[in-house]
Each structure stands twice: as structure tokens, then as C-alpha cells.
J.: 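Pasting in a structure now, in C-alpha cells, and then I'll have a few things to ask.
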Amino acid sequence: MKAKIGLLLFASLGLTACFKTQKQQETVSVADQQVPQFQQEVRIIQPTRQQQELLVRRANGDYYQDPEYGKNVVAGINSPLKDRVIYFNFDSYQISNDSQKVLLAQANYLRNNPSVRVVLEGHTDERGSRAYNLGLGEKRAIAVKNALINAGVNEEQIETLSYGEERPAAWGSDPDSYARNRRVVLSY
Amino acid sequence: MISKIANAEIRVDVEGGQRIALPIAILSVGDSSLEQIVSNDLENSGYFAPIAKNRYAMRPQNPRQVDVDSFRRIGASYVVLIERINSLQAQFSLIEMGSGTSLLTKTIASADNRFLSHSIADDIFLEITGKQGIAKTKIAYVLEKFNQNPRYSLILSDYDGENQKILLESNQPIVTPVWSHSGNEIAYTTYQNNKSQLVLFNTKNRSRRILQQSSGITSSPAFSVNDQQIAFAQSGKSGLDIYMINKNGGNKIRLTNNQSINTEPFFGKNGRYLYFTSDINTNPKIYQLNLTNGQQSRVSGLPEDSTSSNLSPEGNKLLVNNKDHGSYKIGLFDLDTASFNYITDGRLDENANFAPNGQMIIYSTKQNNRSVLKVINDQGKLAFTISAAGNLIYPIWRPFNNQE
């Protein structure tokens with residue numbers, strides 16, 4: 001589910017560029033036939049000027065500058081990926097103020113649903129040794145766990161799991177990919 | 001006796017830090033595939049420079065036909081003549097051009113061409129350098145494939161990447177594998193049902209046993225010198241600590257106790273020291289713990305930001321992963337002299353491992369957005385690259401004790 005959302009986002013961005021080229025050649029309908037599985041998403045995501053600016057900002061590495069970040073926090077199985085992710089700085093396990101909105105909303109959901117359990121998956125970017133990154137991912141997960149407990153969540157509801165750099169969200173070796181990969185995902 | 005004379009005449013000299021590779025002519029009668037593999041093995045070692053075939057003035061059919069003057073003229077120090085006897089056997093002769101004498105003649109039997117060739121290469125390497133060669137050894141590594149779903153395989157192959165066999169496959173990451181000193185077992189970490197598992201895998205009978213299971217992470221296993229204990233890193237309430245446990249699962253001891261990331265343990269040669277990485281003082285650094293008296297100290301002489309070490313088979317050198325001006329490179333650290341130098345120059349080099357004779361090093365790096373394995377000799381010269389349709393990570397070189 002998580003992977004699918006990430007994939008659709010990437011696919012749609014890729015297709016936007018693709019469509020531009022196709023339009024110049026006036027073969028839009030051909031492209032539609034070639035990629036029927038993405039038609040729906042392409043229609044939904046016509047990037048506005050604002051969104052394009054956002055992409056540029058993301059490319060600079062700061063995911064929290066996304067104006068939508070934390071605005072649509074709905075915890076639970078069907079919640080969108082971006083609202084269940086806490087991002088971190090390089091080699092850091094400090095929780096930044098930017099993530100407070102998401103953290104508090106998740107804490108609120110967990111407090112109101114004491115039977116719900118969450119796994120905090122800690123991830124890192126690819127820099128640094130793989131074994132050390134398994135440690136860093138776990139430190140990030142522990143930091144989020146402590147923040148949730150401080151916000152009144154019962155410790156019994158929370159588990160941690162570290163994937164280090166082994167399960168990246170983005171595949172590039174660039175600042176944008178790295179920023180997306182330094183994260184803790186709240187997995188319900 | 002002959003071997004001693006040969007050793008006395010070794011011209012494996014180190015001049016200004018660079019070894020001069022010995023020119024060697026490798027010829028075969030009846031099966032040129034053997035010749036090619038032997039030639040690659042000898043060249044990979046960094047000790048030999050095989051002479052291009054088109055420079056040979058003659059093609060002798062047996063050792064007596066080798067005209068020493070003719071091979072001296074093209075600069076050959078040695079001539080190897082491999083004769084295929086039948087589908088199972090080959091005989092080779094190693095002739096020294098300086099003295100014109102035959103140093104070694106041997107018949108080797110194997111139905112496997114690659115094994116037969118690697119055996120010839122190791123025999124020649126031993127005869128001339130006095131050191132055990134690694135052409136017959138195996139490596140293991142993880143292949144990470146991303147199609148619709150990620151797929152992770154633990155693969156065993158010849159040291160040169162050929163002859164691959166899949167040992168394990170999983171849809172969960174296979175991380176931090178390590179060989180036992182016996183070469184019969186691999187310990188590694190994987191995931192199941194939102195738990196991290198430390199697994200002991202027997203490569204002979206392919207049996208698996210879960211040694212530890214936890215939330216968070218249990219990773220980076222290392223076998224003790226006698227293979228009877230395993231050190232590993234496990235997370236608790238506030239960080240990762242180093243533990244040690246008997247191979248049968250009993251007697252778990254906690255060796256560090258702080259709020260930091262303590263990981264990548266490995267035992268020193270005599271088993272008295274346990275080395276590990278810790279970020280207890282901000283940047284990750286390598287520490288040593290005296291297992292007899294519990295004293296812990298930083299390994300001095302290493303740059304800041306050092307992680308991920310591997311001990312040389314002799315026990316006197318460490319391969320270290322270092323951050324240098326934003327790049328991650330492999331460094332070689334001498335424990336006796338505390339001297340340090342970089343031996344790779346990539347951007348994302350990691351997981352370096354010594355060959356069991358200490359003469360070659362394998363590591364993982366990124367090339368065209370994909371992880372590949374590179375093998376270099378101890379002079380830092382690239383021998384070859386292994387790549388696949390996916391990421392190749394966590395290379396580990398099998399110890400000598402067990403050969404297939």
C-alpha cells in the first residue's frame with residue numbers, strides 16, 4: 001500500500017514530463033494507450049505552478065517545506081504515506097519541530113484507540129556503513145517512540161523496527177532522495 | 001628443496017610501495033579454457049603479469065619443447081604449460097626462465113574446469129610467492145532485486161564471481177552476513193513478522209536456526225576465534241548495545257551499556273579484544289574492549305568518522321570505512337604501527353573484506369546508480385568488478401579452512 005502510493009507519485013511526475021513531449025508531437029492518444037494503468041493518476045495530478053515550486057524545494061532536500069505536510073493527518077491503515085512519516089537530518093535522531101503536528105495527531109489517534117498497535121520503522125539514507133545505519137534507524141524509531149509516550153500514548157501500543165538503509169523510499173543518490181529516506185514510518 | 005630455491009629467487013619486490021608483477025607465459029595443450037582462467041587468477045593476484053598470447057614465438061606441445069631463449073626474449077620470468085590429459089585430469093609444468101629449470105610438475109584431477117584451473121593457479125602462486133593463493137576460495141554476497149517486489153538472495157560463488165549458487169532467498173532484507181572461521185556457517189540478520197532475527201545458517205546442509213529475535217534490531221554478528229560464541233548488536237530502550245552469546249543460545253552477556261549506537265563488533269586475533277563502532281562521543285569511532293579486564297578505549301590513530309571494520313587474517317590490520325570530505329572510502333589501518341592510508345577512492349565504498357590470505361580485498365560500491373562488488377589487490381589495484389541486474393551488497397570472503 002505504502003509502496004504503491006510512492007510509486008504512483010513518481011509515475012505521475014514522470015508522465016507529466018512524458019506528456020509534454022507527446023503533446024508537441026500530437027500523439028497524446030497513443031501515449032494513453034501505451035500506459036492505460038496510469039491514466040487516472042495523470043488526470044488527477046496536473047502539477048500546478050505551486051506544486052512545481054514545491055518539487056524544486058523538495059529537490060533541495062527539505063521535505064517539511066511541503067505546504068501539505070501534516071495537514072491531512074489521518075492515522076490508520078488508509079492514511080496517506082506522507083502524513084505518517086517523520087523526517088530527520090543527516091546522521092541525526094533529533095525530532096524537529098516540523099514534525100510536531102504529525103506526531104501529535106498520531107499520538108491523539110493512538111490515545112483514542114488504545115487497542116491499535118503501531119510499528120515505528122526507522123530508515124536512513126545510504127551514506128555511512130550499513131551496520132551503523134541499522135543502529136541509526138533504530139535510534140530514530142526510539143526517538144519517535146519516546147515522543148509518542150511523552151504525548152500520552154501507552155508504551156504497549158508501540159514497537160520499533162530498524163531497516164537502516166535497506167528499504168529506501170527513493171532510489172537516487174541525491175539530496176532529495178536522501179531527505180526522503182531519512183525517516184520513521186508509522187506502520188499500522 | 002626445489003621450492004626453497006624458488007623462494008630464494010623470488011623477484012616479488014616492493015619498490016617505492018609498488019610490487020613489480022612477474023611476467024609469465026601461460027600456454028595449454030588441448031584445452032585453452034584452463035589457460036584463460038589460470039591467467040586471470042594469476043593476474044588478479046597482482047603478483048603476475050601474463051604475457052599476451054600473440055607475443056609467443058612458439059607453441060610448445062610439452063615441457064621439453066619450451067625454448068628458454070625464445071621466452072626470455074619476450075621478457076618471461078616463468079612459463080606454465082598446461083596439458084589436458086583427459087576429461088578429469090590435467091598436468092601442468094612451471095618452468096623458471098632464469099635457471100631454465102622446471103620448478104614444479106603436477107597432475108590435478110577434477111571434473112570441474114574452474115576448480116581445476118583455480119587449483120593450478122594456487123599451486124603456481126604458492127610455489128613462487130610462498131603464500132597460499134585464494135583462487136580456490138569462495139565469496140558470498142547479497143543480491144538485492146527490485147522488480148514489483150523486492151527480492152533478496154544470499155549467493156555463494158567462486159572468488160571471481162563465477163559459478164553462482166543461491167543459498168537463500170527472501171522478500172525481506174538479508175543484512176550483515178558474516179562467515180564463521182570454519183567456513184561452514186554464515187550468521188546474518190533478517191526480518192519476520194515485524195521482528196528482527198539473527199540467524200545461523202549452515203552452508204553445508206542448508207539448515208537455519210534463529211539465535212535471537214527482537215524488536216528494533218539485532219544485527220552485525222561476529223564469531224569468536226573458536227566459533228563457539230557470537231557477538232552482536234541489539235537494541236534496547238535507548239540505543240544499541242553489544243552482547244555476546246554462546247552458539248547454542250545460552251549465557252547471553254551485555255558488554256556495553258549506554259544510550260548510543262554500539263555496533264559492528266568483531267573479535268581480535270587472540271580473542272582478548274573485542275572491537276566495535278560507537279557514536280558515544282558524537283561521531284562514530286572504533287573502540288576496543290579488553291574482554292579480560294573490561295577496559296574500553298578508542299583505537300587511536302584512526303580518523304574521525306570510522307566505522308565498519310574487518311580484521312586481516314594475520315590480525316594486525318583493519319579495513320575501516322571512513323568519511324573523507326563527504327565521500328565514504330575504505331582505509332587500511334595497521335594496529336601495530338597505527339599508520340593509516342586510504343586504499344579506495346569512491347564516493348560510497350563500504351563493507352570491505354580481506355581475502356583469507358590478506359592479499360586481496362573485496363568491497364561494495366555504487367556504479368551507475370547500482371551497487372557492484374570490486375576486488376582489489378593489496379596494492380590498491382583493481383583486479384575486477386562483479387555486477388548483476390540488481391544491487392550486490394555485503395560481500396564476505398570465505399576463510400581458508402573449508403574448501404569445496
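Below, read A as the first sequence line, B as the second, and so on, with proteins coming before strands; counting in each chain starts at 1. Atom set for the values below is all heavy atoms of this structure, side chains included, hydrogens, waters and symmetry mates excluded.
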J.: Heavy-atom cut-off 4.5 Å, strictly under: side chain, backbone, both or neither for Ser219(B) against chain A?
T.: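 Only the side chain of Ser219(B) comes within 4.5 Å of chain A.
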
J.: If I compare all heavy atoms of Leu348(B) with all of Ser173(A), which pair ends up nearest, and what's the gap?
T.: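 Here Leu348(B) and Ser173(A) meet closest at CD1-OG, 4.2 Å.
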
J.: What residues of residues 238-245 of chain B sit under 4.5 Å from chain A when only non-hydrogen atoms are counted?
T.: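 Ser238(B), Gly239(B), Leu240(B), listed by number.
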
J.: How would you list, in number order, the residues of residues 125-133 of chain A that have a heavy atom less than 4.5 Å from chain B?
T.: Glu126(A), Arg127(A), Gly128(A), Ser129(A), Arg130(A), Ala131(A), Tyr132(A)

J.: Find the distance between CG (Leu136(A)) and CD1 (Ile261(B)) and round it off to the nearest 0.5 Å.
T.: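 Leu136(A) atom CG to Ile261(B) atom CD1 measures 5.0 Å (nearest 0.5 Å).
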
J.: Counting only non-hydrogen atoms closer than 4.5 Å, does Glu144(B) touch chain A with its backbone (N, CA, C, O), its side chain (CB onward), both, or neither?
T.: side chain

J.: If I take atom CD from residue Glu159(A) and atom NZ from residue Lys195(B), how far apart are they, to the nearest 0.5 angstrom?
T.: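 Rounded to the nearest 0.5 Å, the CD-NZ separation comes to 3.5 Å.
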
J.: List the atom of Val175(B), the atom of Leu134(A), and the distance in Å for their closest heavy-atom pair.
T.: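 In this case the closest contact between Val175(B) and Leu134(A) is CG2-CD1, 3.9 Å.
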
J.: Is it true that, when you exclude Lys329(B) itself, more than 12 heavy atoms of the residues, nucleotides or ligands shown sit nearer than 6.0 Å to its NZ?
T.: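 Yes, because the 6.0 Å sphere around NZ of Lys329(B) holds more than 12 heavy atoms from other groups.
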
J.: Examine whether an atom of Glu166(A) lies under 4.5 Å from a heavy atom of chain B, and if so say whether it belongs to the side chain, the backbone or both; otherwise answer neither.
T.: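 Glu166(A) touches chain B through backbone and side-chain heavy atoms alike.
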
J.: Return the option, out of Asn194(B), Asn351(B), Thr263(B), Thr176(B), with the maximum number of heavy-atom pairs under 4.5 Å with chain A.
T.: Asn194(B)

J.: Sequence neighbours left out, what pairs pass side-chain hydrogen bond (donor to acceptor under 3.5 Å, both in side chains) with at least one residue falling in residues 139-158 of chain A?
T.: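 Residue pairs with at least one partner in residues 139-158 of chain A: Glu155(A)-Lys237(B).
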
J.: Under 4.5 Å between any side-chain heavy atoms of Glu165(A) and Glu350(B), yes or no?
T.: yes

J.: So which part of Ile142(A) gets closer than 4.5 Å to some heavy atom of chain B, the side chain, the backbone, both or neither?
T.: side chain

J.: What part of Ser371(B) lies closer than 4.5 angstrom to a heavy atom of chain A: side chain, backbone, both or neither?
T.: side chain

J.: Test: ring pair (Phe, Tyr, Trp, His ring centres under 6.0 Å). Region: residues 143-170 of chain A. Which pairs qualify, not counting sequence neighbours?
T.: His123(A)-Tyr163(A), Tyr163(A)-Tyr191(B)

J.: How about Lys145(B): does its NZ atom have over 12 heavy atoms from other parts shown lying under 6.0 Å from it?
T.: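 Counting neighbours around NZ of Lys145(B), 12 or fewer heavy atoms of other residues, nucleotides or ligands fall under 6.0 Å, so no.
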
J.: To the nearest 0.5 Å, what is the distance between CD1 on Ile158(A) and OG on Ser215(B)?
T.: 11.5 Å

J.: What do the steps show when you test Gln172(B) against Arg167(A) for side chain to side chain contact (heavy atoms under 4.5 Å, CB included), and what is the final call?
T.: CA-CA 9 Å; Gln172(B) 291 292 322; Arg167(A) 284 253 160 117; 4.1 Å; yes

J.: Under a 4.5 Å heavy-atom cutoff, which of Thr277(B), Asn262(B), Asp279(B) has the most pairs with chain A?
T.: Asp279(B)

J.: So which part of Asn321(B) gets closer than 4.5 Å to some heavy atom of chain A, the side chain, the backbone, both or neither?
T.: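 The answer is the side chain of Asn321(B).
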
J.: Taking every heavy-atom pair that is under 4.5 Å apart, which of Asp349(B), Asn391(B), Thr307(B) has the most such pairs with chain A?
T.: Thr307(B)

